[in-house]
Every structure is written in C-alpha cells, then in structure tokens.
Amino acid sequence: MSRLFELELVGGPWARRLARRRAGFDAMPWHEPLDMFSIGDRENARLVWTQSAFSEYASAAAFSEIASCLLAAGAPIDLVAAAGDFVVDEVLHTELFARVAMSLGGAVPLEVDLEKLVRPPAAKDPLMRAAELLVRTSCVGEVLTVPILKASRDRSRSPLIKAVLTRIVRDESHHAQIGFWFLDWAAPHLSDTHLNHLGNVAGDAIHSFAQIFAGTCAGGTDLGILDCAGYDGAFASAVRPRIVKPLLARGIAIREEALAGLPLNRQTS
Amino acid sequence: MKRRNLKTYKLMVVALTAATGCAASVQTPPQAPVVAQTSSSTPASSTTSEVHAPTAVEPEGVPESSAALEVTPEQLAALKVLRTELTGPRPYTHSSNNVDSEVQRRAAFSNVAHFRPLCDKDGYPLVGNVQVGSKSSEPRGYQASVFCKELRKKGLR
C-alpha cells in the first residue's frame, strides 16, 4: 500500500540504546548556512537526500531478511550477528539522510510501498535464499554504493554533507564485504546450478541500474549530488573490478548482456 | 507492564514547497529538527527531552512573500489526507473499507506533486544507495514541467 515516506521516533529507552552508535551525530554542522548554495541545488538535493533516506530504509529491510535467512541456513553466528548489526547501521543512515533532507527544507513527497522493500529470493532452500539476498544486496548494491558516496563526499562543498557521507561510507565498506565472506563459507555447498543462478541474480541487479543512465543529470555537486561524469565514473570504477571479477573468482559469472547500457568505459578521474 | 500513551517525535516530514523540479522560488524552509536527545548522566529517569517537532508546510506555513509558490488548497487537502493515513488508525486492516480508502488515497496522490523511488522492473527499490547523483526523475501525478509553466504565468519564477 502506498504512503508518503516520513519518519518518527519514540525516544526514551529506545533512543538511549542507540546513544553509543549515534555518537557524533549531533555534533555535525546541522545548522550550516545554506545561502552559499543555489535554491535550485537545494531543491534538487531535497529530492536526492529524501530518496537516499528511503534507500537506506530499504537496505535495513534487506539486511533484516538476510539475518533471518542466515539463521535458517545455519550460517556462522558471527556472520548472523553482523547482518543484524547492519540493520542498525542502515537505520542510522536513514536518520542521517532524513536530517539532511530536513536541513535543506524538508522531505519531498515520496510515494513508497513499505510492503515491497526487498525483492524476495526465488530459491526455496535457505542457503540459496541467503546467497541470493547477499549477492544482490552486498556484492552488488553495497559495493556500488561505496565509490559513489565517496565521490559525492569529495566533491561536496558542504561541511554537513561531507560529515554525513564520511560516517556512512565507513559503515558501507563493511556491508560490501559480508556477501563475499558468506560465499566463501558456503562454497562447498554451492553447485554449478546454484552458481549459475547467482550469476543471473547479480546480472539482473546490475542491469536494473541501466535506467539511471537514460535520465538527465540533476547536478549540484556542492550538496553531494554528482554530475554525470562524476557519477558514471564512480559507477564504472566499481562494476568490473569490484563486482564482476570477485564474483567470477568464486565461480559466479555475470553475462555480458547484463552490463549493456552501462557506462563501463568511464573511470573515476 | 502499564500501558503508555506514547508520543512520537517527527524526524522527517514532507515539505510541500512544490518547487521541486522547477527553479525554486524563495521560501522559508521548515525548521531543522532536533532529534530526541538523551542524557547519559541520569539513566534512571526518562531523559528524552522534547524534540522540536518540525512541521511540513501547512497553509499557515506558506510564506507571504510575493515570490512564494502558490500551493493550491486541493494540494494541501490531499497532503492532509495522505498524512492522516499515516498517523491515523493503521491502514493495514483487512476490511471492506480498504477499497474506498485506497481510491481516496490514489485521488489524494494525484493532487500532490510527488515522486517514486527508482525501482527495478517489478517495483522493488534498487539495491544499495546509488541515489546520490541519480539522474532526476519527473514527479508523478502532477508533472513538474506543467507546474513550472503555471508558475511562470503567475510571474512567480
């Protein structure tokens, strides 16, 4: 069911639990003057940061599903704990991006379906369900996120955006690793059929980004929004060396057709 | 455990400036929120301080400036309907009222310039956070280009 994407807190003991993890949040420059940024840039940034808050919210849902599947698969319990921990990370990232959107003037009306946050795995077997979710979320999604957020941080003139992105990139780097660690643990149990299926899962996930490159650029690097050249370069720098190659090393081949429509020949300068 | 009358604090709310997608007019943005603060020095007490709950741009929040955007009464009413769905009784009940409320909800959405997240072919959000730098999407329901044309007619750009 559709609804507007808005967020609330209940506080009390539930806020206190997060105090340690939220250390440093309130010291970020939330009240930095916005006059130095154009109104057009601020308005575009409201959209992008509202959408980013939702992306993080969806990632929280994904890691929640992953933790459940890892438990069902009998995965090492420290991997399970990490996946559960990443739910908290993503919720806190949601908070950070939400606060950025508010500091820029408020969230844009974003219509979302909270019952459709995570593509359900097609597999029935718990191990493969975990594998599908981790390949899609960690090996593809989180791996793509890291260079893009880093590039945004480096190009932004806003101290607030830099502080927020620095904090988030630190966490996302770990999120990008758990999928490959899981695959290494699960390797003895993955048949050629399983690996082939995972290659299709990864390929479909990468290919779903092709729609982004058909659009026009929002611009506004001052507030963390990359221009086309910066975005395409950051994206290209991740796909082959950090997704395709490591997955292939684990027997998971991504078909070339899945990479069609993506600007993979541009590298980050 | 005794029942509590819980009060929640808004972290992120929609600001219906309607400038999104156009070159924005001058507006006074909603006050940035102060998230609930907790004091670690007195853990035994309920130490969550009041949060300055930011409010979305309601009729009284629209600035008087001549450069302000005119948000139509229909748009504000639609936003109120949508927000009621969030803060009222949970909409997740299976009742015969669901069809009517969904029709009402869709009508409300069509009156509010809004966006949808980037999704795959089956409507699931794209994995990871690659929205930063994302190529901008057109607002649904009320095309930004039409809205901008109306603003120009009124000399508000």
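Just so we're on the same page: letters track the sequence lines, and every chain starts at 1. Scope of the values below: all heavy atoms of this structure, side chains included, with no hydrogens, waters or symmetry mates.
Across B:R116 and A:L110, no two heavy atoms sit closer than the pair C-CD1, 3.8 Å. Between B:V14 and A:L4, the closest heavy-atom pair is CG2-CD1, 4.1 Å. The minimum heavy-atom distance linking B:A15 with A:G106 is given by the pair CB-CA, 3.8 Å. A pairwise comparison of heavy atoms in B:P117 and A:E111 identifies CD-O, 3.2 Å as the closest pair. Residues B:F115 and A:V108 approach most closely at CD1-CG2, 4.0 Å, considering heavy atoms. Taking all atoms of both residues into account, the shortest heavy-atom contact from B:K121 to A:R119 is NZ-NH2, 4.3 Å.
One finds the NE2 atom of A:H93 at 9.5 Å from the CG atom of B:N129 (value rounded to the nearest 0.5 Å). Taking CG of B:D120 as the reference point, atom OG of A:S208 lies at 6.0 Å (rounded to 0.5 Å).
Of the atoms belonging to A:A62, not a single heavy atom falls under 4.5 Å from chain B.
Residue-environment remark: CZ (A:F86) exceeds the threshold of 12 foreign heavy atoms within 6.0 Å. Counting heavy atoms of neighbouring residues, nucleotides and ligands inside a 6.0 Å radius, atom NZ of A:K116 exceeds 12 of them. Under a cut-off of 6.0 angstrom, the local environment of CZ in A:R21 is crowded, with over 12 non-hydrogen atoms contributed by other residues, nucleotides or ligands.
The closest side-chain heavy-atom distance from A:E8 to B:V13 is not below 4.5 Å.
In terms of non-hydrogen atom pairs under 4.5 Å with chain B, the most contact-rich of A:F25, A:F209, A:F54 is A:F209. Comparing A:T94, A:I168, A:T145 by heavy-atom pairs within less than 4.5 Å of chain B, the highest count is held by A:T145. Considering only heavy-atom pairs separated by less than 4.5 Å from chain B, the leading option among A:E90, A:E142, A:R136 is A:R136. The most heavy-atom pairs under 4.5 Å with chain B, out of A:L144, A:V118, A:V140, come from A:V118.
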Stepwise side-chain contact (heavy atoms from CB on, under 4.5 Å) test for B:M12 and A:T50: CA-CA 9 Å; B:M12 185 176 80; A:T50 305; 4.2 Å; yes

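Put simply, the side chain of B:K10 never gets that close to the backbone of A:E6: no donor and acceptor are under 3.5 Å apart.
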